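Fair warning: this is a prediction, and the values are worked out from it, not measured in the lab. Starting from 1, each residue takes its place in the sequence as its number. When a ligand or atom number is given, it counts from 1 through the structure's own listing order.
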Amino acid sequence: MTTPPLPSSPHIAIFPGSFDPLTNGHVDIIERGCVIFDRVIVAVLINADKAPLFTVDERVRMIREVFRDRANVEVDTFDGLLVEYGRRKQAHALIRGLRAVSDFEYEFQMALMNRRLNHDLETVFLMPAEQYTYTSSRLIKEVFRLGGAVGGLVPPVVEEQLRVKQASVAGRRAGARNA
Ligand code: PNS
């Protein structure tokens with residue numbers, strides 16, 4: 001008699017990052033992650049040290065909107081050590097995107113440090129589609145702020161929120177000048 005296979009626990013991966021804001025490169029990586037894992041948790045870092053353009057809540061809302069039809073994508077926030085968050089979430093892997101060789105050194109250091117801290121959590125590197133290899137949240141913000149087009153590089157909801165944010169920043173500046 002053959003033993004029936006034990007029900008296996010779902011394979012969970014965490015895709016951590018700042019996502020300030022989410023780009024189509026991130027979307028591409030999350031979609032690739034969904035092919036490999038049962039569940040992908042997009043984990044937005046709560047980082048008091050940085051001065052982000054979007055608040056954590058705004059970033060979470062935009063990512064949820066983009067993945068609202070994907071039941072296997074969860075959007076969450078975390079602070080403290082990533083590996084501890086991974087342990088709490090019973091994750092099997094961390095996903096990181098590798099765009100170019102220039103990403104490698106930092107990612108390699110992080111992956112090895114995370115492995116040292118938690119041997120059970122494997123880092124998996126995924127490459128985005130070629131058209132996103134030069135896309136980064138930092139460049140998107142800069143190009144948009146200077147009036148360049150970012151259509152096709154970020155989801156429409158992000159483009160819309162960049163416009164809203166730019167208008168509110170401009171409004172605040174005008175208010176300060178007239179005060
Ligand atoms: O999108 P980013 O800014 O490249 O993401 C960096 C992130 C969030 C993955 C990294 O800063 C991180 O994991 N921070 C949590 C604190 C931590 O665990 N640090 C040790 C990493 S080896």
Keeping Asp20 on the side-chain end and Phe54 on the backbone end, is there a donor-acceptor pair under 3.5 Å?
yes

Contact atoms of ligand 1, heavy-atom distance to Met113 under 4.0 Å:
22 (S)

Looking at Ser136, Gly80, Gly97, the heavy atom closest to atom 16 (C) of ligand 1 belongs to Gly80

Atom 8 (C) of ligand 1: nearest protein contact (heavy atom, Å)
Leu45 CD2, 3.8 Å

Is the closest side-chain donor-acceptor distance between Tyr85 and Asp79 under 3.5 Å?
no

For atom 12 (C) of ligand 1, decide whether some protein heavy-atom distance is shorter than 4.0 Å.
no

Are any of the side-chain heavy atoms of Phe67 and Val27 separated by less than 4.5 Å?
yes

Just by distance, do the side chain of Asp103 and the backbone of Arg99 share a donor-acceptor pair under 3.5 Å?
yes

Please list the nearest protein heavy atom to atom 2 (P) of ligand 1 with its residue and the distance rounded to 0.1 Å.
Ser18 OG, 3.6 Å

Taking Leu81's backbone N and O only, do any of them form a donor-acceptor pair with Glu84's side chain (distance below 3.5 Å, no angle check)?
no

Atom 22 (S) of ligand 1: nearest protein contact (heavy atom, Å):
Asn114 OD1, 3.5 Å

Winner among Leu112, Leu81, Leu82 once heavy atoms are compared against atom 20 (C) of ligand 1:
Leu81

Among all protein heavy atoms, pick out the one at the shortest distance from atom 6 (C) of ligand 1; state its residue, atom name and that distance to 0.1 Å.
Tyr106 OH, 3.8 Å

Indicate yes or no for a side-chain donor-acceptor contact from Arg59 to the backbone of Ser18 under 3.5 Å, with no hydrogens or angles considered.
yes

Out of Met110, Arg138, Arg115, Glu84, the nearest non-hydrogen contact to atom 10 (C) of ligand 1 is supplied by Met110

Here's a test for you: under side-chain hydrogen bond (donor to acceptor under 3.5 Å, both in side chains), which of Gln161, Glu160, Gln166 qualifies with Arg163?
Glu160

Is the shortest distance from a heavy atom of Phe19 to ligand 1 less than 4.0 Å?
no

Determine the interplanar angle of the His26 and Phe19 rings, folded into 0 to 90°, and report it as parallel if under 30°, tilted if 30 to 60°, perpendicular if over 60°.
perpendicular

Close approach of Arg96 to ligand 1, heavy atoms, under 4.0 angstrom:
yes

